[in-house]
Amino acid sequence: MSHPVVSKEEWLAARRDLLVKEKELTRARDRLNEARRALPWEPVAEDYVFDAPSGPKSLSELFGKCSQLIVYHFMLAPDWEEGCTGCSFLADHIDGAVIHLKHADANFVAVSRAPLEKIEAYKKRMGWKFPWVSSNGNEFNFDYRVSFRDEDIASGTITYNYRDMPAEEGLNEMPGFSIFVKGEDGKIYHSYSTYARGAEETLGTMMMLDLVPKGRNEEEIMDWVRRHDQYEDQPKAAAACCH
């Protein structure tokens, strides 16, 4: 790599200048997080029922003993044989976090439209332990704007990430996070959802790569990412599917 090389004194001066900008970003992020927590809640009218390994589970039951629930909308459609590459990359970051989330009063679960047996097979292949349930048979994915019916795609426009966008043939699944909370009245509320690159800060690998000189080293977002069992001797994909 061709890069400027300077004395220690010059390096320290440049680093201190950058630290000022980093502190500005940290304070701005703190303000953004505060504004996110202050968002109003909307009541969840339906206690959706999901297929889980231990039997049917309602949305309320997915909270476990916690008052908050983090749902990751994992792209795995009923007719897919394996999960989205980008969603799989994100899922690699989850298992180590689950115990810490629970101790901070937040449960985690992944939700996909694929039938449970297909979810379980892919989960076993990838070696993951986090809870993952199927929304096959309910309207959860459609209500939270991460799945789209063929007629939605045929219309030419879908609503995703709070805006209308052109529909692409075959792109019936999209990723995202949705956050739910149990109020003191015992009812379930939807507090927040984020889509597309809104989930990026949950990706510890990306955050670490942002520290190194080559950065993410990509021509197109996440074009280097593979499922973790497909890195060896695999051809370069055109792009990951979770843009």
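Not counting sequence neighbours, the partners of Y144 by the ring-ring contact (aromatic ring centres under 6.0 Å, His included) test are F140, F180, H190. Applying the side chain to side chain contact (heavy atoms under 4.5 Å, CB included) criterion to V20, with sequence neighbours excluded, gives E24. Partners of F89 under the ring-ring contact (aromatic ring centres under 6.0 Å, His included) rule, at least two apart in sequence or in another chain, are H93, W224. In this view, Y162 and Y195 satisfy the ring-ring contact (aromatic ring centres under 6.0 Å, His included) rule, not counting sequence neighbours. Residues passing the side chain to side chain contact (heavy atoms under 4.5 Å, CB included) test with R31, sequence neighbours excluded: R27, A28. In this structure D51 satisfies the side chain to side chain contact (heavy atoms under 4.5 Å, CB included) test together with L116, S134, sequence neighbours excluded. With sequence neighbours excluded, the residues that form a side chain to side chain contact (heavy atoms under 4.5 Å, CB included) with I99 are H103.
The salt bridge (Lys or Arg N to Asp or Glu O under 4.0 Å) contacts involving residues 129-140 comprise E139-R149, where partners must be two or more places apart or lie in separate chains. The salt bridge (Lys or Arg N to Asp or Glu O under 4.0 Å) analysis of residues 179-189, with sequence neighbours excluded, yields no pairs. Sorted by first and then second residue, the salt bridge (Lys or Arg N to Asp or Glu O under 4.0 Å) pairs involving residues 75-99 (not counting sequence neighbours) are E81-K118, E82-R125, E82-R227.
Between T85 and V225, the shortest heavy-atom distance links the atoms CG2-O, 3.5 Å. Shown here for E200 and I221, the closest heavy-atom pair between the two residues is OE2-CD1, 4.3 Å. Closest heavy-atom contact between A52 and V133: CB-CG1, 3.7 Å. When all heavy atoms are compared, the tightest approach of R113 to A77 is NH2-CB, 4.3 Å.
Taken from CG in L62 to OH in Y48, the straight-line distance is 12.5 Å, to the nearest 0.5 Å. In this structure, the separation between CG on L18 and CZ on R16 is 13.0 Å, given to the nearest 0.5 Å. Residue S193 holds its OG atom at 7.5 Å from CD1 of I179, rounded to the nearest 0.5 Å. Expressed to the nearest 0.5 Å, how far OG1 of T157 lies from CZ of F148 amounts to 11.5 Å. With rounding to the nearest 0.5 angstrom, the CG atom of D210 is 5.0 Å from the CE atom of M207. Taking CG of L69 as the start and CG of L59 as the end, the distance is 6.0 Å to the nearest 0.5 Å.
In this structure, H228 and W128 have perpendicular ring planes: the angle between them is above 60°, well past the 30° mark.
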Determine, stepwise, if the pair L101 / N107 fulfils side chain to side chain contact (heavy atoms under 4.5 Å, CB included).
CA-CA 6 Å; L101 292 171; N107 210 8; over 6 Å; no
Would you sort out whether S60 and I188 count as a side chain to side chain contact (heavy atoms under 4.5 Å, CB included), showing the intermediate values?
CA-CA 7 Å; S60 180; I188 299 175; 3.7 Å; yes
Given F130 and Y72, is the side chain to side chain contact (heavy atoms under 4.5 Å, CB included) satisfied, shown in steps?
CA-CA 11 Å; F130 58 79; Y72 182 62; over 6 Å; no
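Within a 6.0 Å radius of CD in E34, other residues, nucleotides and ligands contribute 12 heavy atoms or fewer. Around CD of E201, the count of heavy atoms belonging to other residues, nucleotides or ligands within 6.0 Å does not exceed 12.
The pair R15-E22 counts as a salt bridge, with a side-chain nitrogen and a carboxylate oxygen less than 4.0 angstrom apart.
No donor-acceptor pair closer than 3.5 Å links the side chain of D47 to the backbone N or O of S58. A distance-only check finds a donor-acceptor pair linking the side chain of S135 to the backbone of S112 [under 3.5 Å]. Using a distance-only test at 3.5 Å, with no hydrogens or angles considered, no donor-acceptor pair links the side chain of N217 to the main chain of K214.
For the pair F74 and I119, the minimum side-chain heavy-atom distance is 4.5 Å or more. Looking only at side-chain heavy atoms (C-beta outward), L203 and L90 come within less than 4.5 Å of each other. The shortest distance between side-chain heavy atoms of N141 and E173 falls below 4.5 Å. Contact of the E120 side chain with the E117 side chain is not registered, since no non-hydrogen atoms from C-beta on lie closer than 4.5 Å.
Residue H73 forms a side chain to side chain contact (heavy atoms under 4.5 Å, CB included) with just one option from P175, S178, S147, and that option is S178.
Under a 4.5 Å side-chain heavy-atom criterion applied to ILVMFWY residues, the cluster that includes V181 comprises W41, Y189 as well. When hydrophobic residues (I, L, V, M, F, W, Y) are linked wherever their side-chain heavy atoms come within less than 4.5 Å, the members clustered with W11 are V6, L12.
By the criterion of side-chain heavy atoms lying less than 4.5 angstrom apart, applied directly or through intervening Ile, Leu, Val, Met, Phe, Trp or Tyr residues, F177 is grouped together with L39 in one hydrophobic cluster. Note on V49: it does not cluster hydrophobically with V146, by side-chain heavy-atom contacts below 4.5 Å among ILVMFWY residues. Using a 4.5 Å cut-off between side-chain heavy atoms of Ile, Leu, Val, Met, Phe, Trp and Tyr, with links allowed through other members, L171 and M165 fall into the same hydrophobic cluster. By the rule that hydrophobic residues join a cluster once side-chain heavy atoms approach within less than 4.5 Å of another member, M126 and W80 end up as members of one cluster. Clustering ILVMFWY residues whenever any of their side-chain heavy atoms sit less than 4.5 angstrom apart, transitively, puts M208 in a cluster other than the one holding I94.
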